[in-house]
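Note sheet for the following structure.
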Protein chains: 2
Amino acid sequence: MNIGEAAKVSGVSAKLIRHYEAIGIIPKASRSTSGYRTYADSDVHVLSFVKRARGLGFSMKEIKKLVSLWRNKSRASSEVKAMALAHIEQLEIKIKELEAMAKTLRHLAKNCHGDGRPHCPILENLEGH
Amino acid sequence: MNIGEAAKVSGVSAKLIRHYEAIGIIPKASRSTSGYRTYADSDVHVLSFVKRARGLGFSMKEIKKLVSLWRNKSRASSEVKAMALAHIEQLEIKIKELEAMAKTLRHLAKNCHGDGRPHCPILENLEGH
DNA sequence: CTAAAGCTTCCAATGATTAGAAGGTCAAGG
DNA sequence: CCTTGACCTTCTAATCATTGGAAGCTTTAG
C-alpha cells in the first residue's frame, strides 16, 4: 500500500502521516525500490489508533505514550487509566473556562439592545465599566 | 510611562504589547527621544480592553474589530451583539465537543480496572474495539 | 564610572495541521 | 515510445497567540 491508499483507509491525510513519522509518533515506513513509503494493514491500524486518540483530545505527546503502551503487551492498565483520568481533568477545566466565557457573554448580549444606537453594555464591560 | 510600567498596569506583558502593536491591534506607540515607547493612561485602557476580550475567548482578529467598534462612537450596538452571539455559538460548539470527549473517556475509564494487568478497555476502544 | 535594570530589534520555538513548490516515478493510452 | 496525469518525494512556510532568547543601546542608582 502506498501512502495515498493508507491515508484513504485510515482517514489520516498523507501529509499528516509523513508528519507523524517525522516526529516519531509512528515508526518509519519501509520503502519501495523507488523510495515510496509502503504500508501494511498493521501500519494502517496504528494510524487509526492515533486518529481515534486525537478524536478524544489527547495531545500528540500523550498519543506517543498511548501507542507505546498499546504495543507493550505487558503494560499495566493502571498506567493507561491514569492518563485517561488526567486528560478528563484537563477537559473539565477547559469546559469550565469556556462555560464561564459563554455565561458572561450571554449575560452581556441579553442586556444589549442590538439596534442601530451606539450604546452597548458588551463594550462597556470590556472597557471595565 | 514606559512599556514596562504599562505592562504592569494593564496586565499585558511588554513582549505582548509590542506584538499587538506589530500586528495592528493597537496603534503605534509614540516614542521618546531615545526610541523608547511611551504610554498614556488611555493607551493602557486599550490594553486592558484587549485583555478582557481575550479573557472572553475572542480571537485577535475579532478583538481588532471590537477595538475599532469601541473607538467608533457612532457604531451600531447590533454589530457588537452579532459578534458576541456568533462567538457564543462557537464556544457552545467547542464545549459540546469537549463534553463528548470527556463522556467517552469517563465511560472507558470506569470500565478499566486500572491495576497491574495489561487488559485495558481504553486501549481496546482506541484500537477500534 | 560602573553595574544593573530596562529598553530596542530580530529570530525562533511552541502544537497540530495544512499548503505550496520543485521534482522524481508509475500506469495507461495514443 | 512517449506523453499525460496521478501519485510520490523533500523542504519550506503558513496558521494562531504567546513566549523565549540573543545582541546591543539607554537609563538609573550607587
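Reminder, nothing fancy here: chain letters follow the sequence lines and each chain counts from 1.
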Would you call A:Lys94 and B:Glu99 a salt bridge, taking side-chain N to carboxylate O under 4.0 Å as the test?
no
In whole Å, what is the span from the CG atom of A:Asn2 to the C1' atom of D:dA6?
11 Å
Taking the basic N atoms (NZ, or NE/NH1/NH2) and the acidic carboxylate oxygens, is any pair closer than 4.0 Å for A:Lys65 and A:Glu79?
no
Rounding to a whole Å, what distance do you find between A:Ile25:CD1 and C:dA16:P?
8 Å
For B:His45 and B:Trp70, take the angle between the two ring planes, folded into 0 to 90°, and tell me which bin it lands in: parallel under 30, tilted 30 to 60, perpendicular over 60.
perpendicular
Students should find that the end-to-end axis angle of the helix from C:dC1-D:dG30 to C:dG30-D:dC1, with five pairs defining each axis and rounding to 10 degrees, is 30°
Could you check which residues of residues 7-24 of chain B get a heavy atom under 4.0 Å from DNA chain D? Sort them by number, please.
B:Ser13, B:Lys15, B:Leu16, B:His19, B:Tyr20
May I ask you to test the A:Ile122-B:Met83 pair for a side-chain heavy-atom distance under 4.5 Å?
no
Check the distance between C:dT14's C1' and A:Met60's CE and give it to me in whole angstrom.
15 Å
Side chain proximity check, A:Leu105 to B:Phe58, heavy atoms < 4.5 angstrom
yes
Rounded to whole Å, CZ of A:Phe58 lies from P of C:dA16 at a distance of 13 Å
Determine whether B:Ile93 and A:Leu98 fall in the same hydrophobic cluster, where Ile, Leu, Val, Met, Phe, Trp and Tyr are linked whenever their side-chain heavy atoms lie under 4.5 Å apart.
no
What is the distance, to the nearest angstrom, from the CE atom on B:Met1 to the P atom on C:dG6?
16 Å
Are more than 12 heavy atoms, taken from residues, nucleotides or ligands other than B:Glu92, located less than 6.0 Å from that residue's CD atom?
yes
Distance in angstrom units between B:Lys64 NZ and D:dA17 P, rounded:
11 Å
Checking B:Ser77 against A:Asp115: is there a side-chain donor and acceptor pair closer than 3.5 Å?
yes
Decide whether B:Tyr20 and B:Tyr36 are clustered together by the hydrophobic rule: side chain heavy atoms of Ile, Leu, Val, Met, Phe, Trp, Tyr closer than 4.5 Å, transitively.
no
To the nearest angstrom, how far is A:Glu5 atom CD from D:dA6 atom C1'?
14 Å
Any salt bridge linking A:Arg37 with A:Glu21? Criterion: basic side-chain nitrogen under 4.0 Å from a carboxylate oxygen.
yes
Could you give me the CA-CA distance, side-chain angles and deciding distance for A:Met1 and A:Thr38, then say whether side-chain contact (heavy atoms from CB on, under 4.5 Å) is met?
CA-CA 5 Å; A:Met1 223 187 297; A:Thr38 308; 5.9 Å; no
By a strict heavy-atom criterion of less than 4.0 Å, which residues belonging to residues 30-39 of chain B are in contact with DNA chain D?
B:Ser34, B:Tyr36
